[in-house]
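Following: one structure in structure tokens, then a few remarks.
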Amino acid sequence: MTTPNTGELLVQQAQEAERLRLLLLANECKDLDEFRQQLRALLNK
């Protein structure tokens with residue numbers, strides 16, 4: 001197994017941060033429809 005380089009580590013960290021951000025957003029929403037609306041709002045920024 002090889003050690004990941006700096007670029008690969010940065011990609012991994014960014015992906016993990018995005019997953020955590022989505023989980024936090026999901027927890028703030030009262031239902032799936034609200035979560036979808038919030039995701040659309042983020043994508044349209």
Donor-acceptor contacts under 3.5 Å from residues 5-26 side chains, at least two apart:
from : atom 1 : to   : atom 2 : distance (Å)
Asn5 : OD1    : Gly7 : N      : 3.0
Asn5 : OD1    : Glu8 : N      : 2.8
Glu8 : OE1    : Asn5 : N      : 2.9

All N/O donor-acceptor pairs, side-chain side in residues 36-45, below 3.5 Å, sequence neighbours left out:
from  : atom 1 : to    : atom 2 : distance (Å)
Asn44 : ND2    : Arg40 : O      : 3.1

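Looking at every heavy atom in both residues, Glu34 comes nearest to Glu28 through OE2-O, 4.4 Å.
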